[in-house]
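The structure appears right after this line, and notes come after that.
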Amino acid sequence: MGAAFRLPGVDIEALKAQWQAQLSKLPGFSPDLFQSWVQQSPMAGLNVPGLKPVQQAVDAVSHSVSDDLQSLAGLKVDPDTLKTIQSEYLQRATELWNQALTKPEALTVKDRRFAAPEWSQSPASAFTASMYLLNAQTMQRLADSLTGVEKARERVRFAVQQWSAAMSPSNFLALNPEALKKAVETKGESIQHGIQHLLGDIRQGHLSMTDESVFEVGKNVATTAGTVVFENAYFQLIEYTPITAKVHATPFLFVPPCINKYYILDLQPDNSVVRHLLSEGHRVFMVSWVNPDESLAQATWDDYIEHGVIQAIDVTREITGVDQINALGFCVGGTMLGVALAILAAKGRKPVASLTLLTSFLDFARTGIMDIFIDEAMVRMREMTLGAESPQGGGLMKGGDLATTFAFLRPNDLVWNYVVGNYLKGEMPPAFDLLYWNSDSTNLPGPYYAWYLRNTYLENNLVKPGAVTVCGEPLDLGLLDMPTFIYGSREDHIVPWESAYASTQVVTGPRTFVLGASGHIAGVINPPAKKKRSHWVTGAKVKQLPTDANAWLASADEQPGSWWTVWADWLRDHAGPMVAAPKKPGSRKYPAIEAAPGRYVLRKA
C-alpha cells in the first residue's frame, strides 16, 4: 500500500467519513446513499424542456466533482519514494542553511529568473531563491511520484507547476533585489512606470508581452502586397501579388487557424512564409478569418467548413481556372482543412492536389497538457452557456480568455516574466513581431467552439469513420488520399509532435513527415536565411512510415537549419509547370475589393 496523497489542509477521506457519519444518523440511510447523493442532480426529477440543457450540465458537473474527488483521494506516493524525497530534501535544506551561515558568498542560483547579479550579491536573496527552488523541485518530485488515475495526476502536476511559478520570490517587489535596486536608482520612477504599465494593461484587457505601439498591421507586419478578391461573413480571400515573372500553374491556398490572425504567416519580409512561397514562384492565396462579433455568435462548425474552407477552395479554383490547387492548414486550420477535404471527397470531389499540415491535429488521442482542462463537465457547461443549446442559441468565446489559457501553459515565459519586467521593474518589453501577433487575439463563435471541444478533445470523433456528420456527410478522414506533407515541432506544448505525427496514420495517400526544433510557433516560423535551429527527416532507407512516432524519430537524421527547404522541394513536385504570372488579381467574377491585409484582420476582439 502506498501513502495516500493529501492536499494541503484537506484530508479527503476524513471529510468523506464525516459526511457519511452525519448521513448515517438519518432514518433509512444506506451505505450507498452518500455516493448516490453526490452523483444525483437536484433537478433530476424535473421535466421542463427549457431546463434540460441546464439539468444535463449540472448532472455532468456533479459526476465530474464526484469522480475528481475519488481520483484525488486515490492518488498515492510509494512510502519508500516518499522517505527518499523527504530525506534528500532535509539534507539539501541543511546544506543550504550551513552554507548561508559559513560561506554565503558561495551560494549560486542556477535559474534565469535569478540570473541578475543582484541575486548573488545579496546572501539573503541568494538563500531565499535557493530555498524556493528546493521547495519547488521537491513539490514537483512529489507530484511526479504520484500513482493513480492519470488525469488526476496530470492535474496535480499542473497545479504544482502553477503554484511554483506564481510563488517565485522574483515575482514580489519586497523579495526582488534587482527591482528594489532599480527603484532606488531611479528614485521611485521604475515603480511609477510599473503602475502605469499595469493600469494600461488593465485598460487594454491583457498583459503586454511586447511594445505594441511599435507595430501596426499593414504597416510593418502583414505587409506583403496583395488584394482582397472575395469576402463573405466568415473570411476575406487575399490574392498576393507575384514577385516572379512566371508562377507554377497550380495555385496555393493557406488556411490559417481561426483562433488567431492569419499574419503569423506574413509577419516581416524576412520571416514571412507567404513571401518565401512567392519567391519560389507560387501563386498564393490566403484565408483571412473575420474576428467574430455578435452577428456570428450562432455560427457552427459546419458553417466554418462550408462557408469558410470549402468556399475559399472553390473561389481560388474559379479565379485561377484550375481543377486542383495545393493547400496548407496550420494548427486548427489544418484540422478544418482536413475535414473539409474529406467531406468533399465523400461527395466525389477532389479539388486539392497536395495537402500540407503544420502542427495540426487529426487524431486527438494524445493532446498533451490541454487534456487536463477538458472533461464532460467543462464541455457541457460550454455547450449550455455558449453552444447551440444555450438559452440564447449561442454566444462568443472571448479571445482574451483563450489567450490567457494558452499563456498559463508556460507561466514563467508568458506570464510572470512580464509581470516582473513590466510592473516590478517598470520596463517596456522589447518589440517582437511574433508576440505582437500573439497578443492580437480573436473571438470564437460559441456553437463552433462547443462542437470542436466535444468532437475533438473530449471524444476524438474525427478519426472514427461515420462518428460525426459535417455539412450533411458522414466524416471519414481515410478519404484523404492526396500526397500529404506533415510537420510537427518537437517542443510543441499545444500540438505534441507525436500527435502531429499521428496524422500519418490517418491520411491514406503518400506521406512525408518532418520534425522541426522549438515550439508551436517558433518552430514553424524559421526562415532558411536565419540559419537557426534544426529539423529531422528520414531518407530513402525508410520505405514506409512506422506507426509509432518514436520509432520514426529513431530512424530520422537531424539536419541543421530550417525545414522550409525540404517542404519547398516537396511542394515543387506538386505545383505543375511554370506559366506567365497573372497581370492583375482576381477575375471578372471576383474583382478587387481592397488592398491587403484587408479590413477583417484589423477588427479587435
Side-chain angles (χ1 to χ4, degrees), residues 8-9 84-144 157-202 207-211 407-430 432 435:
T84 299
I85 293 174
Q86 290 174 331
S87 174
E88 292 178 356
Y89 173 81
L90 290 173
Q91 179 182 350
R92 181 61 185 143
T94 302
E95 290 173 355
L96 285 174
W97 177 250
N98 290 334
Q99 191 174 13
L101 292 176
T102 58
K103 294 182 178 180
E105 70 282 355
L107 282 172
T108 56
V109 186
K110 296 180 180 179
D111 187 290
R112 64 179 180 177
R113 289 171 290 181
F114 312 114
E118 288 81 5
W119 287 96
S120 58
Q121 291 168 0
S122 166
S125 296
F127 178 73
T128 300
S130 298
M131 282 303 301
Y132 157 75
L133 289 175
L134 176 60
N135 290 333
Q137 291 162 3
T138 302
M139 289 288 289
Q140 198 65 55
R141 286 185 65 189
L142 284 169
D144 292 342
R157 280 198 286 261
F158 182 77
V160 168
Q161 177 196 29
Q162 297 301 318
W163 175 87
S164 297
M167 296 306 295
S168 170
S170 59
N171 299 339
F172 300 90
L173 180 61
L175 299 177
N176 189 321
E178 184 185 7
L180 289 172
K181 181 181 179 182
K182 187 165 188 179
V184 172
E185 290 176 343
T186 62
K187 298 180 180 179
E189 283 189 9
S190 62
I191 296 177
Q192 181 182 357
H193 292 161
I195 294 173
Q196 291 172 348
H197 294 161
L198 174 61
L199 294 175
D201 286 352
I202 291 173
L207 177 68
S208 293
M209 298 182 181
T210 185
D211 184 354
F408 274 98
L409 298 181
R410 294 170 55 196
N412 285 329
D413 294 333
L414 297 179
V415 180
W416 299 110
N417 174 49
Y418 299 103
V419 169
V420 173
N422 298 5
Y423 308 151
L424 301 192
K425 295 193 286 184
E427 299 171 347
M428 180 64 72
F432 188 14
L435 289 178

Query raised in the report: Shortest non-hydrogen contact from R113 to W119?
Result: O-NE1, 3.8 Å
Query raised in the report: What's the shortest heavy-atom distance between L173 and A179, and which atoms?
Result: CD1-CB, 3.8 Å
Query raised in the report: Quick one: are W416 and S170 in side-chain contact, heavy atoms under 4.5 Å?
Result: no
Query raised in the report: To the nearest 0.5 Å, what is the distance between CE (M209) and CZ (F432)?
Result: 12.0 Å
Query raised in the report: Would you say F114 and P169 make side-chain contact, with heavy atoms under 4.5 Å?
Result: yes
Report summary line: d(Q192 CD, K187 NZ) to nearest 0.5 Å is 14.0 Å
Query raised in the report: Hey, what do you get for CG (L133) to CG (L96), rounding to the nearest 0.5 Å?
Result: 9.5 Å
Query raised in the report: Is the shortest heavy-atom distance from the side chain of N417 to the side chain of R112 under 4.5 Å?
Result: no
Report task. Check whether any side-chain heavy atom of L207 lies under 4.5 Å from a side-chain heavy atom of Y423, and answer yes or no. Result -> yes
Query raised in the report: Can you tell me how far the CE atom of M428 sits from the CD atom of Q196, to the nearest 0.5 Å?
Result: 9.5 Å
Report task. Give a yes or no on whether the backbone of K182 and the side-chain of T186 come within a donor-acceptor separation of less than 3.5 Å. Result -> yes
Requested in this report: Dump the intermediate steps for side-chain contact (heavy atoms from CB on, under 4.5 Å) on E88 and R141, then the final yes or no.
Outcome: CA-CA 11 Å; E88 292 178 356; R141 286 185 65 189; 2.6 Å; yes
Requested in this report: Look only at the side chain of Q162 and the backbone of F408, and say whether a donor-acceptor pair between them is shorter than 3.5 Å.
Outcome: yes
Requested in this report: Give, for atom CZ of R92 and atom CE of M131, the distance between the pair rounded to the nearest 0.5 Å.
Outcome: 9.5 Å
Requested in this report: Locate the shortest heavy-atom distance separating A174 from L180; write the atom from each residue and the value.
Outcome: O-CD1, 3.7 Å
Query raised in the report: With distance as the sole test, does S120 use its side chain to make a donor-acceptor pair with the main-chain N or O of P117 at under 3.5 Å?
Result: yes
Report task. For N171 and A165, indicate whether the former's side chain and the latter's backbone hold a donor-acceptor pair under 3.5 Å. Result -> yes
Query raised in the report: Are T138 and Y89 close enough that some pair of their side-chain heavy atoms sits under 4.5 Å apart?
Result: yes
Report summary line: Residue pairs meeting ring pair (Phe, Tyr, Trp, His ring centres under 6.0 Å), one or both in residues 158-201, sequence neighbours left out, come to F158-F373
Requested in this report: State, yes or no, whether a side-chain contact exists between I195 and L199 at a heavy-atom distance under 4.5 Å.
Outcome: yes
Report task. Using the test side chain to side chain donor-acceptor pair (under 3.5 Å), find all partners of S130 that sit at least two apart in sequence or belong to another chain. Result -> none
Requested in this report: Could you tell me whether the side chain of E118 reaches within less than 4.5 Å of the side chain of S125, counting heavy atoms only?
Outcome: no
Report summary line: A183 and I191 have their tightest heavy-atom pair at CB-CD1, 3.8 Å
Query - Euclidean distance, D211 CG relative to L435 CG, rounded to 0.5 Å - result: 12.0 Å
Report summary line: For L107 and A126, the nearest pair of non-hydrogen atoms, with its separation, is CB-CB, 3.9 Å
Query raised in the report: Under 3.5 Å, side chain of N422 to main-chain N/O of S208, donor-acceptor pair present?
Result: yes
Requested in this report: Report the C-alpha separation of L409 and L414 in whole Å, then their side-chain angles, then the decisive distance to 0.1 Å, and conclude whether the side-chain contact (heavy atoms from CB on, under 4.5 Å) test is met.
Outcome: CA-CA 8 Å; L409 298 181; L414 297 179; over 6 Å; no
Query raised in the report: Side chains of S122 and F127: closer than 4.5 Å at any heavy-atom pair?
Result: no
